[in-house]
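Residue numbering restarts at 1 for every chain, and letters A, B, ... go by the order of the sequence lines. This structure is a prediction, so every number in the text was calculated from the model and none was measured.
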Amino acid sequence: MDAYIGPLLFLGAAGLLAIGVVGMLLSNHLFRMVLALVIAEAGVNLMLVLAGYRWDAVAPILQPGVAAQPMVDPIPQALVLTAIVIGVGVQALALTLVIRIREAYGTLDMAEVRARMEVDVAAAGGGEATGSRERPAGGRPLPGPGALPEPPR
Amino acid sequence: MTHLDLLLLVALINLPVAWWLAGGATRRRLLALPYGLMLGMLLYMDPGATWDSGLSWVFLGQSLSWRLDGLGWFFALPTIGAALAAAAYSSGEWGEDFAGAGGSMGWLQLALAANVFAMLVLLAAGDLLTLFIGWELVSWAGLPLMVLAGGAAVGAGIRYITYAMGGGMAVLLGVVLVYVWTGSLVPADFMAVLPTLASWQVGLLVALFFGGFGVKMALLPFHLWQAPAYGLSVGPAAAFLGAISSRMGLFAMALVLVKFITLERLVDLTVIPGLLDSRDVLAWVAAFTIILPTYTALKQNDARLLLAWHGIGQGGYMVLGLVMGDAMGSAGGLLHVFNYATNQAVLLLAVFAVMHRTGTADLNRMGGLIVRMPLSFLALLIGIIGLAGLPPMNGFVSKWLVYRSLVLEGEPLLFLAAIIGTLGTILSVYKLIHNIFLGQLRVEHEDIREAPWSMTGPMLVLCAVIVVTGTMPGLVLGVVADAQQAIGLAVPDYHLGGVTSPAGGLDMLWLNGVIMAGFAVGAVLFYGFGGRTKRVHQLDNYAGGHFLTADVRYQYSDNFYPGLMHHIGGWYRGSFQWLEGALISVVDLLATALRGFYHQAQPAAWVLFTITLGFAWAVLP
Amino acid sequence: MMAYAVALPLVAAFLLPVLHNASRWLGILVGPAALVAVLLVVFQSWQPAVLPFAMDLGGFAPPWGITFYVDALALLFCGAVALMTLLLWPRDEGDGDADALVRRRSLTLLLAAAAAGLALSGDLFNIYVFYELAAVASYGLAAERGTPAAYAAAFRYLMLSALGSVIALAGIAIIYFETGTLNLAHLSLLAGELQGPTGMAAFLCLLVGFGVKAELFPVNAWVPEVYGVTTRRTAGLLAGLVSKLAVLVLVRLLVLVFPQEGLRDALLLLGVLGLIGGELAAWKARDMTRMLAFSSIGQLGLVFVAFSLPGTAGLVAGIVVAVHHMVLKPGLFLLAGQWGGGLRGLAGAARRAPLAGLLFVLFALSLVGLPPLPGFWAKFLVLTGLAGQGGGLGWLAMVAILVATVLEVSYLFRLAGRLYSRGDDEVPAAATGGGTVTAGVFGALVVAAVVFAPALWDEVQDMGAGAGDAALYVRTVGPMVPTMISGGAP
Amino acid sequence: MSITELLLELVLMPIVAFVIGLFMVLMMRRIGARLQRRVGPPVFQPLYDIVKLYGKRTQVSHGLMHDIGIVMAVGGYVAAETLLPMPGMNGIAEKGGLIALLYVIMIPSLGLALGVGQCANPNGSIGISRALTAMLAYDIPFVIVIFGVAWHFGTTNLVEIIALQQAGGIATWGAVEMPLLAIAGLFGMQAMLGKQPFEIYVAPAEIATGPMVEMGGKYLGGLFVMQCFQLYTAAVLYVTLFLGGGENWLFFLIKIFAVVAIPMSIAFLFPRYRTEDLVGLLWKWPVMAALIGVALVM
């Protein structure tokens, strides 16, 4: 039984990581991407802890009176602490950015945000933005009866 | 501090000196002095000997060394000569006119001096790495000289440097491969190892070096950049570039293909067994380079572009002669470098003298200038006779040598290609001289004067050089023989008048003497026996009964050879422009695809893609 | 002693806001003072006799404690960090609010500290922490301008980089799982454990993780956006300096822990894709900043190709190419700052600022590889290395480098032609006049590299030999205390 | 062969050539007349024409280059004569070979072109553009012929070519060993002499749009003299290459008059081709014949 627990837990952690990564890719909504990141980081932290895990060992705390028993490896647990702290910091920053983007662009859809950003970055750099369906780069009028309505700004 | 060091030092010091001299109107007169000094120093050095240089660095595990042998000396002569003519030409009224019109004389002279220095560094290269360094310097030094005229010339310059760097990179790959395959870049070592290389390796090296140097020589597939780049540049710059700049490619080709890889190795590198070996491929590239640009020149309507296109065509003769490899052919190819440099310099200087006076180089807006600018006419006449390769001038000697070697080597189709090129040249140079100097003089050109002495002087000196080296080719053949020996080729037994050989020789002293005697007889017959001639005005002309007035433009200049164009007109489809356009659109397509990659909404997808691909690759054996 | 290289900028970063409120002058001086101190420390410890030496932080013996390994290469990068940050010190961007400037300066100091840490650290997890520190600092720098585009670009960059870090951490977990240690020296001893597929998988995770910052091909979609929104000086710092340190970390891993041949081919392939991808995109770019961003992707691709070459030759070539790009790109970014604006508007710009025009041509020539300039020697080294290695991938890489050079010539000198054209439309007066002076310093560095080329060459060769010697690294770090669990999990 | 003998030859050869040329022009007119069933001009008519033209009082000139053009035209051929070996007199044939001769023959046409250009008459310029196009047209087959002959005899030295043919007797004559090249040579000669059907640029009816539009008096006289030299040069060149040159004066004269008679008799039977058709024809059959001839010779 004990031989299977380690790999099983490890698979669990890897599953969490996979969910996080794939979740981030499939979602087009900014907030969902941040949530996916949270899950991914949880998965990795779990994986890191499991690197030092032993089935038949106890928590690595030396109490004065108790005899030394085989203990779990303490180092990954220390590492995980830092990793968690870093993760939280990055996630917090991500959320503030999501709020700022929502205020500035009025939308949380990644495709639209990217398109708007592209126009602004190009304007900041001084060049013209690359063509989009609304504003073709070549400046030639779009075929069809009437020009498209001006996109909501 | 050997002679070669001195020469290189003077060329280097000439950079600031030229910039300073170009500054003041009075100092401008002395512009030609440094080049005169360099020419003197060069003539003092005996072309037969090999001049080593004191400076040599060991860097990156490579030794950089400089030495000037016969081949380098032979190419240095027209380089400094052309620079001297260009500097003298620009030091007079043309310089004031150019500076007055907002052009920067300082940059022009600095660029010219930089070009000469870069070319001397290339010509004195002691090993392959120095050759490449000199090659890159020459490629880059040409750029400022081309773009000085601004406007269209800048676009042509950018196109040139892209081609040149393409060629440069091919040469760099060749140098690196030689270093890796033979372990060294010093000629003495790698020439010993070269014969042991496999044929595909030597084939690749030949392709890289011929392609790389061919870009500078504007051989066929890479010739589109040269005409606008040289034609549209500023007056004396165009003359210098047209005369010698692209011949550096021939020097490097002679050094690498003929001396290092040797023509024998080229002959037994078969491309199509039994039918075509690599030397034939090179010869046919040269042959087509003779024909196509010459007939493109025929259709040009701008005098400068017409001459620039001829520059490309004549380059084909030089490569053809060199690749033939026998004594006569290689002598003809190398001699044509010198002859053509003088012809092209005179022609371009004359066209720019006309442009200086009339303000235009458009062949359809000139005519009848012989009455106003006789000296320029004489210079252009001697230049076109030399360019077409007709007897009294030096162009004939080098072309005769190339033809002789083609006839006796048994190459009928190559001989035919060369002759087609010559005939095309004769037709187009007549169009040049007719549209500029002959025919009806235009109303607006009636009061222009002959070009100033500072411009006609250099032109007439070059004309004298053409006539003298035409009558006594032995003078130059001596230096050509040293160059041939430097790269291990047989030397024809030459004498002052020309060449003697069992299969029919040439003696220009007698030939020119007989031609001049013939002209004398003709003159005696014409002036002695005929009645007194009456000079008439140009409008007093047969016009089928109509009365000619000045406002009717009675001149034939456009669509000059309708009969010929009826047949070959259809062939001008610009297939090479289409090829270049196709290449650019492929690059554009790829670039747009790449930019699309950087505009995708979900870049993180690629992280997952790379990881899964990596794991699969890691797990699978 | 070398710990100051990390500590001083870190302290200065956090003290800066406080001191700025105390007195304006103190706020201005504290940053540069810290950096100058670091420079002094670096020069002071640059005696070849002493190098390389290892430092155990907090006195903990390896592999427990974190060791700082200081050899010539690490010192070079530390010195570069201090010098470059000093030269690219954020200036008032004309929008007038002082506290934005303070924010930018403290973030830059944070970035400098993290970069120094990356160069020196000898422990894998410690490297991860410094990498995250640098990442967060660059998120801040990206978002700090306050424009909507800045927020969007920063967010997209954060998501990409965070995902990369997650995967890097997974790699570290695998390594720990296999070997039970994260100290590079100890890992080098236990490298035998990591020969199998799991070791290769771990390296790939680290490669992708750290590759995001090193502008590795598939994961560098953030580069044009972030460099487009930050100030030109920050962009120069990020492109020129921090990306090289991420590459340095990967190279240390390759040399010490993963000497397998297959990994070098992966690096070579990704480098070639990056090179061609970057140059093609730059050829198509419409404004100078994005053109330089794509060009930096291309050059980083070349750095990867150089470092993928086996043995000391590869290391030497990589160092030369990396340092050459580190000096060149910030100079170009500063010039972009000087002129600003899209490519169309730059007509005749060099006529109004002749020195800037000359510098641009000098940088472009060196980037393209005109012989006496250092760019040529870098390219020559890489090409000879590749030709020596041979193989299908080697030929592909050589052809890619040559085609990339032709593309570089085409777009750089198309811009140079426009700069020197007699354009009549007036160029908007650039905000920072100071850019040209700093670019001049970089220009002087390039020219100095030409003059002192032979001396520099010997220096670089020793550096390459030192960096490539894994046994020297293990010996310097000292004997490993036997760890309790040598096998890892049950 | 001392210098004085050589100089004497250089003076004598053009004079002999001129005299033979006059009789060739006479023969041409007589053949023309016979074909058109009329008597034809008296023996010295060509000489009378030339003397009349030189003697005219009004000599209209359009400038110095116009005069030098005619001088070059006549002088060029005078020089070409000395390159062509006659029985007993070799002139400077060794000094310049077959290729040099091909180029020296081009000098007169260039001189004429420059002279006509100076006349400032577009009709003249149109004529010259036609003449140069025709030259391009007929020179291509002619050059292939020259290559074939030079390759066959292994030398470009005319004296040696004659010696080789005379040594081997009729069997080694150029025409016998290279029939196709001989035929192509005939085509080339027909166009070079400007005889129908290739006479667009010298035809009397086209004079208004030909090069001769501004030529009168001694200018036209000069062209007549040039025509005599032209006939002689073409004939002797053909004989040298294909008919073994002159063993002695009698055979030499018979051969060159026979050779010249061929294009004359053909000429009067044909109308005139336009320039583009001329180019088309000359690039098709003669070039094909010459190429096959060279292929056989190689």
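Most heavy-atom pairs under 4.5 Å with chain B: of the set C:Leu204, C:Leu407, C:Leu270, C:Val409, this distinction falls to C:Val409. Interface remark: of the candidates B:Val147, B:Val587, B:Leu590, B:Val587 forms the most heavy-atom pairs closer than 4.5 Å to chain C. Between chain C and the residues B:Thr610, B:Val175, B:Ile158, the largest count of heavy-atom pairs under 4.5 Å involves B:Ile158. The residue among C:Val406, C:Leu402, C:Asp458 with the most heavy atom pairs within less than 4.5 Å of chain B is C:Leu402. Of the listed residues (B:Trp135, B:Tyr179, B:Phe615), the greatest number of heavy-atom pairs within a distance under 4.5 Å of chain C belongs to B:Phe615. By number of non-hydrogen pairs under 4.5 angstrom with chain B, the leading residue of C:Val399, C:Ile167, C:Leu207, C:Asn220 is C:Asn220. In terms of non-hydrogen atom pairs under 4.5 Å with chain C, the most contact-rich of B:Leu172, B:Val607, B:Leu137 is B:Val607.
Taking the side chain as every heavy atom from C-beta outward, B:Leu129 and C:Pro371 never approach each other to under 4.5 Å. Residues C:Phe413 and B:Leu143 meet the side-chain proximity criterion, which asks for heavy atoms closer than 4.5 Å. Residues C:Val223 and B:Tyr598 fail the side-chain proximity criterion, which asks for heavy atoms closer than 4.5 Å. In this structure, the side chains of B:Val176 and C:Phe380 come closer than 4.5 Å at one or more pairs of heavy atoms. Counting only heavy atoms from C-beta outward, the side chains of C:Trp283 and B:Leu594 never approach each other to under 4.5 Å. You'll find the side chain of B:Arg595 reaches within 4.5 Å of the side chain of C:Arg286, heavy atoms only.
The part of C:Leu163 that comes within reach of chain B is its side chain, from C-beta onward, which places non-hydrogen atoms under 4.5 angstrom from that chain. Using a 4.5 Å cut-off between heavy atoms, C:Ile401 does not touch chain B at all. Within the 4.5 angstrom heavy-atom criterion, no atom of B:Leu608 approaches chain C. At a 4.5 Å heavy-atom cutoff, the contact between C:Met398 and chain B is made by side-chain atoms alone. C:Glu279 does not touch chain B: none of its heavy atoms, backbone or side chain, sits under 4.5 Å away. Interface remark: B:Val154 contributes side-chain atoms only to the contact with chain C (heavy atom separation under 4.5 Å). Contact annotation for C:Val403: neither backbone nor side-chain heavy atoms come within less than 4.5 Å of a heavy atom of chain B. Only the side chain of B:Leu177 has a heavy atom closer than 4.5 Å to any heavy atom of chain C. Contacts of C:Thr405 with chain B are made by side-chain atoms alone, with heavy-atom separations under 4.5 Å and no backbone atom involved. Using a 4.5 Å cut-off between heavy atoms, C:Trp377 touches chain B through backbone and side chain atoms alike.
Other residues, nucleotides and ligands contribute only 12 or fewer heavy atoms inside 6.0 Å of the CH2 atom of B:Trp107.
Taking each heavy atom of C:Gly262 and B:Trp617 in turn, the nearest pair found is O-CH2, 3.1 Å. Contact detail for C:Lys284 and B:Thr592: the closest heavy-atom pair is CE-OG1, 3.4 Å. The two atoms that bring C:Pro197 and B:Val619 nearest to each other are CB-CA, 4.2 Å, heavy atoms only. The nearest pair of heavy atoms linking B:Pro603 to C:Ala221 is CB-CB, 3.4 Å.
Remark: B:Glu136 CD to C:Leu370 CG distance equals 6.5 Å, nearest 0.5 Å.
Between C:Phe217 and B:Phe597, the two ring planes are parallel [angle under 30°; tilted spans 30° to 60°]. By the 30° and 60° cut-offs, the orientation of the rings of C:Phe376 relative to B:Phe132 is parallel.
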Show your working on side chain to side chain contact (heavy atoms under 4.5 Å, CB included) between C:Leu365 and B:Trp140 and close with a plain yes or no. CA-CA 9 Å; C:Leu365 285 177; B:Trp140 283 99; 3.5 Å; yes
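Using modelled atom types, one side-chain atom of C:Arg156 and one backbone atom of B:Ala601 make a donor-acceptor pair closer than 3.5 Å.
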